[in-house]
A.B. asks: 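Below you'll find the structure I mean.
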Amino acid sequence: MPSTIITTDDLREFKVELLEDIKKLLISQSKNKVKRYLKSAEVMDMLQISPGTLQNLRINGTLPYTKMGGIIYYDTRQIQKVLDQNSIHHKMKL
């Protein structure tokens, strides 16, 4: 079995490549993070609904929200819970 000699330049090059890979991984993970609280515009964009529909969801109690200083915030966990609770499963007839 032949032996390979690793030089300090090889180690330095490996370190640079490894750090670049870690940096790319951290950047991609930070982009995929979902914020805990969303503003109205973000919820409308996420759910593809109009301002009137979002207001109706608030008024009829379907979508919980928090209002602070005139800004309405929605908890992403609550949005997901509402979506899960309203999921419709059709049974296929065989």
A.B. asks: Treating Ile, Leu, Val, Met, Phe, Trp and Tyr as nodes and any side-chain heavy-atom pair under 4.5 angstrom as an edge, say whether V43 and Y37 lie in one connected cluster.
C.D. replies: no
A.B. asks: Please report the interatomic distance NZ(K67) to CZ(R58), rounded to the nearest 0.5 Å.
C.D. replies: 8.0 Å
A.B. asks: Which residues pass the salt bridge (Lys or Arg N to Asp or Glu O under 4.0 Å) test with K35, sequence neighbours left out?
C.D. replies: E42
A.B. asks: Say whether V82 and L38 are linked into one hydrophobic cluster, either directly or through other cluster members, by side-chain heavy-atom distances under 4.5 angstrom.
C.D. replies: yes
A.B. asks: Say you draw a straight line from CD of Q78 to CD of Q85; how long is it, rounded to the nearest 0.5 Å?
C.D. replies: 8.5 Å
A.B. asks: According to a 4.5 Å side-chain heavy-atom criterion applied to Ile, Leu, Val, Met, Phe, Trp and Tyr, with indirect links allowed, do Y74 and M68 form part of one hydrophobic cluster?
C.D. replies: no
A.B. asks: Can you list the steps and then say if L11 with I6 is a side chain to side chain contact (heavy atoms under 4.5 Å, CB included)?
C.D. replies: CA-CA 7 Å; L11 290 173; I6 299 175; 3.9 Å; yes
A.B. asks: Quick one: side chains of residues 46-56, donor-acceptor pairs under 3.5 Å with protein atoms, not counting sequence neighbours, listed by atom name and distance.
C.D. replies:
{"residue": "Q48", "atom": "NE2", "partner": "D45", "partner atom": "O", "Å": "2.6"}
{"residue": "S50", "atom": "OG", "partner": "T53", "partner atom": "N", "Å": "3.2"}
{"residue": "S50", "atom": "OG", "partner": "T53", "partner atom": "OG1", "Å": "3.1"}
{"residue": "N56", "atom": "ND2", "partner": "G52", "partner atom": "O", "Å": "3.4"}

A.B. asks: Checking side-chain polar atoms at under 3.5 Å, does T7 have a donor or acceptor matched by the opposite partner on D9?
C.D. replies: no
A.B. asks: Could you walk me through whether I71 and Y73 satisfy the side chain to side chain contact (heavy atoms under 4.5 Å, CB included) test, starting with their C-alpha distance in whole Å, then the side-chain angles of each, then the deciding distance to 0.1 Å, before giving a yes or no?
C.D. replies: CA-CA 7 Å; I71 300 173; Y73 295 97; 3.5 Å; yes
A.B. asks: Give, for atom CG of L19 and atom CG of D21, the distance between the pair rounded to the nearest 0.5 Å.
C.D. replies: 9.0 Å
A.B. asks: From D75 CG over to L63 CG, what is the distance, rounded to the nearest 0.5 angstrom?
C.D. replies: 10.0 Å
